[in-house]
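The structure appears below as C-alpha cells.
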Amino acid sequence: MEGLWYAHFSAGQVQGDGMAVLRDGEILGGDPAHTYTGSYQLDGTNLYANVCVSPYAGAPLPVDIDRPVTFFLRGSVAGNSATVSGHPNNKPDLMVAVELHRGA
C-alpha cells in the first residue's frame with residue numbers, strides 16, 4: 001500500500017482528482033483546492049482510512065468546503081488499485097467514493 005497514489009473521488013455531484021502518499025500508516029496529499037491528512041490500515045485486502053480534507057487557502061478554484069471535514073472510508077485493495085467509500089463526519093447520508101491507482 002505504501003507509495004504515491006492517484007485518487008479520483010466523487011461525492012454526489014462533486015468530483016475531483018488528487019494525489020496521496022501512503023507511508024507507515026499515514027496519508028498526506030491534496031488537489032488544487034484541498035489538502036489531505038490522515039491514517040490508514042490494511043488488513044489483508046481490506047483497507048480502512050480516516051482522512052481529514054481541508055480547504056486550501058491558496059486554491060485557484062472556488063473552495064467547496066469552508067472548514068476541515070473528516071471522512072471515514074473502507075474498501076479493498078487489488079494489486080495496484082483500490083476502492084474505498086464512506087461518509088463525512090456529521091453527514092451519514094452523503095456517500096463518498098474514492099478510486100485509487102498506484103502512481104509509484
Side-chain angles (χ1 to χ4, degrees):
M1 211 47 231
E2 294 193 358
L4 177 65
W5 291 79
Y6 164 79
H8 175 76
F9 62 87
S10 59
Q13 299 296 325
V14 177
Q15 293 190 18
D17 300 295
M19 300 294 289
V21 174
L22 280 66
R23 183 175 54 188
D24 296 328
E26 183 179 24
I27 299 170
L28 295 172
D31 61 47
H34 312 94
T35 59
Y36 319 141
T37 58
S39 61
Y40 71 93
Q41 283 186 305
L42 191 60
D43 181 13
T45 60
N46 296 314
L47 176 61
Y48 305 94
N50 185 6
V51 181
C52 181
V53 176
S54 300
Y56 171 54
L61 306 170
V63 178
D64 53 352
I65 58 174
D66 59 358
R67 59 180 168 53
V69 177
T70 301
F71 292 86
F72 304 97
L73 307 169
R74 66 180 179 180
S76 62
V77 178
N80 290 324
S81 297
T83 57
V84 291
S85 62
H87 59 85
N89 56 348
N90 301 323
K91 293 192 179 184
D93 56 322
L94 176 62
M95 286 303 296
V96 175
V98 183
E99 296 176 24
L100 299 161
H101 299 281
R102 185 184 301 275

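Reckoned from all heavy atoms, side chains included, excluding hydrogens, waters and symmetry mates.
- In this structure the side chain of W5 reaches within 4.5 angstrom of the side chain of R102, judged on heavy atoms.
- Minimum heavy-atom separation, I27 to S39: CD1-O, 3.5 Å.
- Side-chain contact between F9 and D31 is present, with at least one heavy-atom pair separated by less than 4.5 Å.
- Every residue was checked against the side chain to side chain donor-acceptor pair (under 3.5 Å) condition with R23, not counting sequence neighbours, and none meets it.
- With hydrophobic clusters built from ILVMFWY side chains whose heavy atoms lie under 4.5 angstrom apart, Y36 shares a cluster with M1.
- L100 contributes atom CG, which lies 11.5 Å from atom CG of N80 (distance to the nearest 0.5 angstrom).
- At distances below 3.5 Å, at least one donor-acceptor pair connects side-chain atoms of E2 with backbone N or O atoms of D24.
- Clustering ILVMFWY residues whenever any of their side-chain heavy atoms sit less than 4.5 angstrom apart, transitively, puts L22 in a cluster other than the one holding Y48.
- Judged purely by atom type and a 3.5 angstrom limit, D43 has no side-chain atom pairing as donor or acceptor with the backbone of N46.
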Quick one, T37 with L28, criterion side chain to side chain contact (heavy atoms under 4.5 Å, CB included). Give me CA distance, side-chain angles, the key distance, then yes/no. CA-CA 5 Å; T37 58; L28 295 172; 3.9 Å; yes

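- Between F72 atom CZ and S85 atom OG the span is 14.0 Å, to the nearest 0.5 Å.
- Taking Ile, Leu, Val, Met, Phe, Trp and Tyr as hydrophobic and joining them when side-chain heavy atoms fall under 4.5 Å apart, one finds L4 in a cluster with Y6, M19, V21.
- Panel note: side chain H87, backbone V96; no donor-acceptor pair is recorded below 3.5 Å.
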